[in-house]
Amino acid sequence: MGTSSDVPALRRGLAVLQLLATRAGPVTAGALARELGLPRSSTYHLLAELVAAGFVTHLPEERRYGLGLAAFELGSAYLRHDPLERLARPVLRSLIARTGHTAHLGILHGRETLYLLREQAPHPHATVVTDVGVRLPAQLPASGRAMLGLLPAAQVRALFPSRESFVNRTGRGPVHLPDLRRLLTAGRQRGWAVEDGYVTSGFASVAAPVADHTGHPIAAISTTFRHECEPECDETWPDLATETLRAAAELSARIGGTASPPPRTGESPVPDRRERGTRGSRTGDSRG
């Protein structure tokens, strides 16, 4: 068994790995020492141990260090265990117990939203449209835009370089990059994303991002319900958003990440007189 004196060294070694994981390529020992505030001698000793264990690779010609094969194997093992779905399932079940509506967990895959998990509302006549494994254009569902809203503008532009990048399903939703940017800005200012008939007519949803320790969106949780209006009525459903934000913050905390960012304009997820409840929705109905 190790002693308490081993703990600081372990923490410094993990800090080295975390820093390497955030870099686009290998870095020098000097850069690691400066960014972590470590003596050079300690940094070289840590790197030597990590290299010996296979977690770090030394590139002698470049005098740089990068992540090693053992780090890759550890990441692959993490993915095999489906930790995100396992951690999210009880969170989604708790969410639908509070709202009575179906909840989803989705991730970004290129410019698509891939659904990893669905917890169905306990309603005998619930309608299933979106299921596990389904991919949707990320600019349409609230879950996709909740994640896109946390990405740098240049990355969003790279994902949607032209009008041909935009798929339309119901006649609603963004049709070009300026449209999408307006929706993403509104979602960031509000604190959550909304979707009203963009994916399937007669259904709406609210969504909040799940972020890792750097604030990068790794997933989104959405609540979906029946809602019909013509034309689009600009509802934002802050009461449902409150519960969805709570679920996203809980999952973010469970993975060691950060909570969803707060609204930026003083708007909070508290229903006003016009937005109280889910006007036009029917509890238990879901898009699946």
Side-chain angles (χ1 to χ4, degrees), residues 88 92 95-96 99-121 123 125-151 156 159-160 163-177 179-184 186-187 190 192-210 217 219-238 240-241 243-245 247-248 278-288:
L92 295 193
L95 175 59
I96 66 171
T99 67
H101 297 295
T102 293
H104 296 87
L105 177 75
I107 62 171
L108 276 181
H109 193 272
R111 59 170 174 254
E112 294 180 319
T113 299
L114 170 63
Y115 288 94
L116 300 182
L117 192 62
R118 185 196 78 234
E119 288 295 323
Q120 188 75 27
H123 190 278
H125 302 296
T127 303
V128 177
V129 176
T130 302
D131 205 345
V132 173
V134 168
R135 298 171 185 264
L136 292 173
Q139 79 276 10
L140 294 181
S143 53
R145 282 184 281 105
M147 293 179 282
L148 290 173
L150 293 189
L151 296 181
V156 175
L159 289 171
F160 299 93
R163 282 180 175 267
E164 287 69 33
S165 308
F166 290 82
V167 177
N168 190 279
R169 290 168 60 106
T170 66
R172 293 184 179 183
V175 296
H176 48 60
L177 188 57
D179 274 354
L180 178 58
R181 283 174 171 162
R182 283 192 290 270
L183 287 172
L184 297 183
R190 187 188 308 116
W192 65 92
V194 299
E195 176 257 311
D196 185 357
Y198 294 7
V199 175
T200 303
S201 298
F203 291 91
S205 62
V206 299
V210 176
I221 290 178
S222 59
T223 298
T224 302
F225 48 93
R226 281 193 179 275
H227 174 77
E228 296 186 35
C229 63
E230 191 62 44
E232 190 175 347
C233 47
D234 298 323
E235 289 277 7
T236 59
W237 302 283
L240 286 180
E243 299 301 338
T244 308
L245 284 163
T278 54
R279 190 176 68 186
S281 68
R282 292 177 290 196
T283 301
D285 292 316
S286 71
R287 187 170 47 187

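The first residue in the sequence is number 1, and the count goes up from there.
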Trainee: For E243 and T99, does a side-chain donor sit closer than 3.5 Å to a side-chain acceptor?
Mentor: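 No donor-acceptor contact under 3.5 Å links the two side chains.
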
Trainee: Give a yes or no on whether the backbone of P209 and the side-chain of W192 come within a donor-acceptor separation of less than 3.5 Å.
Mentor: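 Side chain of W192 to backbone of P209, a donor-acceptor pair under 3.5 Å: no, none is there.
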
Trainee: Please give me the minimum heavy-atom distance between A193 and R190, naming the atom from each residue.
Mentor: CA-NH1, 4.0 Å

Trainee: Do S165 and L159 have side chains that approach each other closer than 4.5 Å (heavy atoms only, starting at C-beta)?
Mentor: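 In short, these two side chains do not touch, never coming nearer than 4.5 Å.
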
Trainee: Taking the side chain as every heavy atom from C-beta outward, state whether E119 and L105 have any pair of such atoms under 4.5 Å apart.
Mentor: no

Trainee: Can you name the one residue among H227, Q139, R145, R172 that meets side-chain contact (heavy atoms from CB on, under 4.5 Å) with E195?
Mentor: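 Among H227, Q139, R145, R172, the one that satisfies the side-chain contact (heavy atoms from CB on, under 4.5 Å) with E195 is R145.
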
Trainee: Measure across G149 and L184 and return the closest heavy-atom pair with its distance rounded to 0.1 Å.
Mentor: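 Smallest interatomic distance, heavy atoms only, reads N-CD2, 3.8 Å.
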
Trainee: Any chance you could measure R163, atom CZ, to N168, atom CG, to the nearest 0.5 Å?
Mentor: 11.5 Å

Trainee: Hey, is the main chain of E112 close enough, under 3.5 Å, to the side chain of H109 for a donor-acceptor pair?
Mentor: no

Trainee: Check whether any side-chain heavy atom of M147 lies under 4.5 Å from a side-chain heavy atom of T113, and answer yes or no.
Mentor: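 In contact.
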
Trainee: Decide side-chain contact (heavy atoms from CB on, under 4.5 Å) for L116 and L114; before the verdict, give the C-alpha distance in whole Å, the side-chain angles of both, and the deciding distance to 0.1 Å.
Mentor: CA-CA 6 Å; L116 300 182; L114 170 63; 4.1 Å; yes

Trainee: Could you tell me which non-hydrogen atom of L151 sits nearest to which non-hydrogen atom of P217, and how far apart they are?
Mentor: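 So the two residues come closest at CD2-CG, 3.8 Å.
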
Trainee: Show, in sequence, the C-alpha distance, side-chain angles and deciding distance for F160 and F166, and conclude whether the side-chain contact (heavy atoms from CB on, under 4.5 Å) test is met.
Mentor: CA-CA 7 Å; F160 299 93; F166 290 82; 3.7 Å; yes

Trainee: Quick check against the 3.5 Å criterion: does T244 have a side-chain atom that pairs as donor or acceptor with the backbone of L240?
Mentor: yes

Trainee: With the side chain counted from C-beta on, respond yes when T224 and H101 share a heavy-atom pair under 4.5 Å apart, and no when they do not.
Mentor: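 No; the side chains remain at least 4.5 Å from each other.
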
Trainee: Could you check T170 against L140 for side-chain contact (heavy atoms from CB on, under 4.5 Å), going step by step and ending with a plain yes or no?
Mentor: CA-CA 10 Å; T170 66; L140 294 181; over 6 Å; no

Trainee: A side-chain contact here means heavy atoms from C-beta on lying under 4.5 Å apart; do V156 and L177 qualify?
Mentor: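 In contact.
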
Trainee: Any side-chain heavy-atom pair from T102 and R118 closer than 4.5 angstrom?
Mentor: yes

Trainee: Apply side-chain contact (heavy atoms from CB on, under 4.5 Å) to residues T223 and W237 and explain how you reach the verdict.
Mentor: CA-CA 10 Å; T223 298; W237 302 283; over 6 Å; no

Trainee: Side chains of I221 and S143, heavy atoms from C-beta outward: is any pair under 4.5 Å?
Mentor: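 Contact flag for I221/S143 side chains = no.
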
Trainee: May I ask you to test the L183-L148 pair for a side-chain heavy-atom distance under 4.5 Å?
Mentor: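 Counting from C-beta outward, L183 and L148 never come under 4.5 Å.
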
Trainee: Could you check whether Y198 and S205, counting side-chain N and O atoms only, form a donor-acceptor pair closer than 3.5 Å?
Mentor: no

